A.B. asks: 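Below is the structure I would like to discuss, written out as structure tokens.
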Amino acid sequence: MLYLFGKMPSDSKKKREQKKKEAAKNRGNKKPQNAETNGATNGVSEENGVDDDRCNDVVTDIKEEIEALDIADKHRSVTGVLVSHPDSRDVHINNLAITFHGAVLLQDTKLELNVGRRYGLIGLNGCGKSTLLRALELKEVPIPDHVDIYHLRREMPPSDKTALQAVFEVDQEQSHERLLDIYEHLDEMDADKAEMKASFILHGLGFTKEMQQTKVKNFSGGWRMRIALARALYIKPSLLLLDEPTNHLDLNACVWLEQELKEYKRILVVISHSQDFLNGVCTNIIHFHLQRLKLYGGNYDAYVQTRMELEENQMKRYKWEQDQISHMKTLTFYFPSCGTLPPPVIMVQHVSYKYADDKNYNKYIFKT
Ligand SMILES: Nc1ncnc2c1ncn2[C@@H]1O[C@H](COP(=O)(O)OP(=O)(O)OP(=O)(O)O)[C@@H](O)[C@H]1O
Ligand SMILES: [Mg+2]
């Protein structure tokens, strides 16, 4: 499932299947014609066009089928307790734990997401950052219904829509309560404005006017990733989850995206390996480390500084403790060996003795 709001893929699949049937039918009818017009460029390009379509369709079908399997999702178990108010736009989760195939990725930790904050999620490769975003997207943690989420992790699937349409029609593809809000919003903002807004976003991501009118299926994966990103920026969800958004962008587009995200008024959680990008965008850093999430204030540089100071303090404390321990070692007592006593210890003369009357054989009674 590529997007949170899942109606579109099944509709598009139906359309594609219909198209495939028609294409197959046409091909069947056209064969003799092509043979007649053998060598005519028109015929060849038409045939190629159909082949391209079929290729795209097959690729998309395979992708959809793999996604439909949701293999990874089935093997994830997530628990957590919502501690923020259910009507609040902030999301605070306590006792968050995620296991994947029985391996613990997170345990007994806290996730605090506040409106107006832009969080950079960092951690070692394979620690579970993408898994956490996926769990948030699917609301496997108790996130209130009114918090709409958009998770960008894959490129826009190929389609006959133009890049521009793919962006400004994204609202209509969503089957979500938020639709009412959006339609109200769209009533205020006439269709031209919606198109202008979509065009502005695409332009920022490097699409010329001509490219904006090009069909999505004619773009490479990298550019379709940009279209998916443009859709995310167009919707402006309450919780925007971006997994490595700069991967397919050139420098200009990165700079533009940084500026755009800096103004993000809702909640943004972004995974990025680019320190410059995290510095430009983030107000907070969440460090995914040793199965816990640790929140730091400020951008990436501030996080590095804070961690350095913390580590320095820890080191100072460690040294102090070691000093104390070594000092304690110098206070050890020395007991010299007493050696063996030469016999006799006591010598008595002219004394008789017997055991005590109470039969305690440790007691002797001496008599002179
Ligand atoms: N589809 C999958 N099949 C098998 N294992 C998976 C799958 N997806 C994730 N994992 C495993 O789950 C763990 C967490 O993976 P995840 O992709 O969330 O890490 P990450 O922090 O996003 O890594 P990276 O920084 O490389 O993107 C890893 O150990 C990974 O091997
Ligand atoms: Mg990842």
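Here the structure is a predicted model, which is why all the values come from computation and not from measurement. Read the numbers this way: they start at 1 and go in the same order the structure lists the ligands and their atoms.
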A.B. asks: Parallel, tilted or perpendicular: which one describes the rings of Tyr300 and Tyr303, with boundaries at 30° and 60°?
C.D. replies: tilted
A.B. asks: Can a side-chain donor-acceptor contact be found between Glu263 and Gln259 if the only test is distance below 3.5 angstrom?
C.D. replies: no
A.B. asks: Is it true that Asp148 and Lys236 have a side-chain N and a carboxylate O under 4.0 angstrom from each other?
C.D. replies: no
A.B. asks: Under a plain distance cut-off of 3.5 Å, with no hydrogens placed, do Thr162 and Gln212 share a side-chain donor-acceptor pair?
C.D. replies: no
A.B. asks: First locate atom NZ of Lys265, then atom CG of Leu268, and finally report the distance between them rounded to the nearest 0.5 Å.
C.D. replies: 12.5 Å
A.B. asks: Determine, using ring centers only, whether Phe207 and Phe219 are less than 6.0 Å apart.
C.D. replies: yes
A.B. asks: Can you list every pair that meets side chain to side chain donor-acceptor pair (under 3.5 Å) and has a residue in residues 79-93, with sequence neighbours left out?
C.D. replies: His92-Asn114
A.B. asks: Check ligand 1 for close polar pairs with the protein: N or O on both sides, less than 3.5 Å.
C.D. replies:
| from | atom 1 | to | atom 2 | distance (Å) |
| --- | --- | --- | --- | --- |
| ligand 1 | 18 (O) | Ser130 | N | 3.4 |
| ligand 1 | 18 (O) | Thr131 | N | 2.9 |
| ligand 1 | 18 (O) | Thr131 | OG1 | 2.4 |
| ligand 1 | 19 (O) | Gly128 | N | 3.3 |
| ligand 1 | 21 (O) | Cys127 | N | 3.3 |
| ligand 1 | 21 (O) | Gly128 | N | 3.0 |
| ligand 1 | 21 (O) | Lys129 | N | 2.9 |
| ligand 1 | 21 (O) | Lys129 | NZ | 2.9 |
| ligand 1 | 22 (O) | Ser130 | N | 2.9 |
| ligand 1 | 22 (O) | Ser130 | OG | 2.7 |
| ligand 1 | 23 (O) | Gly126 | N | 2.8 |
| ligand 1 | 25 (O) | Asn125 | ND2 | 3.1 |
| ligand 1 | 25 (O) | Lys129 | NZ | 2.8 |
| ligand 1 | 26 (O) | Asn125 | ND2 | 3.3 |
| ligand 1 | 29 (O) | Gly126 | O | 3.4 |

A.B. asks: So which protein N/O/S atoms does the Mg ion (ligand 2) have within less than 2.8 Å?
C.D. replies: Ser130 OG
A.B. asks: Using the ring-ring contact (aromatic ring centres under 6.0 Å, His included) criterion, which residues pair with Tyr119? Sequence neighbours excluded.
C.D. replies: none
A.B. asks: Evaluate whether atom CD of Glu210 has more than 12 neighbouring non-hydrogen atoms of other residues, nucleotides or ligands under 6.0 angstrom away.
C.D. replies: no
